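Note that the structure is a prediction, hence the values are computed from the model and not measured. So you know, we letter chains A, B, ... as the sequences are listed, proteins then strands, and number each from 1.
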2 protein chains.
Amino acid sequence: MSHTLGIRQAQKLKTRQALLDAALGLLEEQSLSSLGLREVTREVGVAPTAFYRHFRSTADLGVALVEEALGSLHPMIRTIVSSSGDSDQRIERAVGLIAQHVATHPAHVRFIARERHGGVQSVREAIQDQLARFADEVKVALTKDPVSAGWTDDDLLMLANLYVDQMLMTASLFLDVLEAPEEERRRVTQVATRQMRLISIGRDHWLD
Amino acid sequence: MSHTLGIRQAQKLKTRQALLDAALGLLEEQSLSSLGLREVTREVGVAPTAFYRHFRSTADLGVALVEEALGSLHPMIRTIVSSSGDSDQRIERAVGLIAQHVATHPAHVRFIARERHGGVQSVREAIQDQLARFADEVKVALTKDPVSAGWTDDDLLMLANLYVDQMLMTASLFLDVLEAPEEERRRVTQVATRQMRLISIGRDHWLD
DNA sequence: GGAGTCAGTGAACAACTGTTACCACAACTG
DNA sequence: CAGTTGTGGTAACAGTTGTTCACTGACTCC
C-alpha cells in the first residue's frame, strides 16, 4: 500500500522540511513579514535560488507552516473534547494536554499565536480556516453532549468558538512561562483551569 | 498652569507625531519587525537621519505606539466596567463601546492585536504591561460589586483577565468585519454579546 | 543504456537597508 | 545682539535583499 518515494523525491522533501524547520527557528524572534528567503536558505546551507523549487515566496512557506502546525492537531482536539469523566476532570485533562503540546512544540504554538493577527494576509486566512475547522469539530462534539439539549445551532457555534479562543489564550500563556520556575507554571495552570471551569459553569446555566 | 511650548519643541512634537502616524499606517499591512526606519521617514517626507532625533529604533517607536494606543484607553475601561444597569444592559453597552472604538481607531486596534504576540520583545512587554493594568482596574471594579462577595483575590484577577482577553478577542473580531456588510457585523455583535453573557452567567454561579 | 528531467549552483542585477560624520540655519538663551 | 543649541538635511558606507539566467550532474524512465 505504502508508496515508497524515489531517491529524488525523498531528497526534495528532505530539503523542503529543512527549509520549514529553519524558518520556524528563525521565526522565534521575528515575524513572518520580516523573514527573508536568503535568511532561510543560508540557515539550511543551500543556495538562495533553491528556495524557489519549493515555495513561491516566504508567505507561501508560511501557509505550509500553518498546515504543519495545525493540520496535525485535529486528533488532539477530538481527544480533548470527547474524553469521558465529569466536567472538572475533562477540563484538567484538556489543560494538561495543552500544556504538554506547548512544551513539545513551542515554536509551532508561537508561530500560530504570532501570525494569527500577523502582517501576511494569506497566512492569517490559512490560520482562520483551520481554527474555524476546529470550532466546527468542537461544535459537533458539543452537539452530542446531553447538556446541549435545547441549544440553538448558533449558540453551540458561539460556545465552540469561545472554547477554541480560550485554548489558544491558554497555549499562549503557557508559552510565556515555558522557562519560568515550576511554581509560576502551576499558577498559570490553575488560572487556565479556573477560566475553563467558569465558562463551563456558564454553559450549564445558559438555558436557565 | 499650562506651559506653552516653544516653536521649536512644538515643531519637534509635530514631526514625531507625523512619524507615529506614518508608521501606524504602514503597519496596517506588515508587522513591526519588518518596518524600516527609511520607510517611515520617506512616508513623512523627511530625511532618514531625522528619525534618530525622535526614536532610537523602530522598536522604540513601537513602544511609543503602544502608549498612544492603550494609554488613553483607561477611561473607557472604567466607563465600561463601572456603568450601571442590569447585567445584560451593561454587556450590550460594553460591546457597543468596543465596536465604536474599533470603528474610530482601527489602526490602533490592529497594531495591538498584531504586536501582542509579535516579533519585538520590548513592544510585547509594553503591551502586556498595559493589559495587566487593565486587568487590575477591572479587578478593582469587580471587587466593589456585591456579586463578588466571597470571591478570593486570585479568582477576581482570574475573571478580570478573562474579561480583558475577551474584550481583545471581540475587538479583533470587529476588525475583521469592518468592511463587511451590516448584516455580518450584526452577527458578530450578537456572538460577542452572548459570549460575554455566558461568562457573566458563569460568574453568577461560581460559588454554587 | 541512452535521453530527458529537475533539484540545486553560481554569478550578476538593481534596489534597498541602518548608521555614520559633517553641515546649515532657525530658534532659543544670556 | 552675540553665542549656543539642536532639528533636520546631505552624502556616503558596507551589507543586505528578491529575482533572473544559464549551468551542472545525479536520478528517472523507456
For DNA chain D, what dot-bracket results from Watson-Crick or G-U pairs at under 3.5 Å, with [ ] for crossers and | for inter-strand partners?
|.|||||||||||||||.||||||||||||
Of A:Val46 and B:Gly36, whose nearest nucleotide on DNA chain C comes first from the 5' end?
A:Val46
Relative to the 5' end of DNA chain C, which residue comes earlier, B:Gly6 or B:Leu37, by the nucleotide with the nearest heavy atom?
B:Leu37
Does OP1 or OP2 of D:dG8 have a side-chain N or O of B:His54 closer than 4.0 Å?
yes
Side-chain N or O of B:Thr15 less than 4.0 angstrom from OP1 or OP2 on D:dT7?
no
Spacing between A:Leu5 atom CG and D:dT28 atom C1', to the nearest angstrom
13 Å
5' to 3' contact window, DNA chain C with chain A (heavy-atom distance under 4.0 Å)
C:dT5 to C:dA12
Sugar-phosphate only, base, or nothing, as touched by B:Arg56 at under 4.0 Å among non-hydrogen atoms:
nothing
Check every strand shown and say whether A:Arg16 touches a base, only sugar-phosphate, or nothing at a heavy-atom separation below 4.0 Å.
nothing
Between D:dT16 atom P and A:Leu26 atom CG, what is the distance in whole Å?
15 Å
What about B:Thr49: does its side chain form a donor-acceptor pair under 3.5 Å with the base of D:dG8?
no
Take atom CZ of A:Arg53 and atom C1' of D:dC23, then tell me their distance rounded to the nearest Å.
11 Å
Should A:Asp165 and A:Arg116 be marked as a salt bridge (charged side-chain N to carboxylate O under 4.0 Å, His left out) after you check the CA-CA gap, both sets of side-chain angles, and the distance that decides it?
CA-CA 11 Å; A:Asp165 286 341; A:Arg116 181 185 186 184; 2.9 Å; yes
Grab the CD-C1' distance between B:Glu39 and D:dT16 for me, whole Å please.
15 Å
Taking only N and O in the side chain of A:Arg42, is any of them less than 4.0 Å away from OP1 or OP2 of D:dT17?
yes
Measure from CZ on A:Phe51 to P on D:dT17 and round the result to the nearest Å.
13 Å
Here the distance between atom P of D:dT28 and atom CD of A:Gln11, to the nearest Å, is 11 Å
I want to verify a distance call: between D:dG8, D:dA26, D:dT7, whose nearest atom is closest to the A:Arg8 side chain?
D:dA26
Using whole Å, report how far CG of A:Leu61 lies from C1' of D:dG18.
15 Å
Between P of D:dG18 and CG of A:Asp60, the distance in whole Å:
14 Å
Does the side chain of A:Thr15 pick up a donor-acceptor pair with the side chain of A:His54 at under 3.5 Å?
no
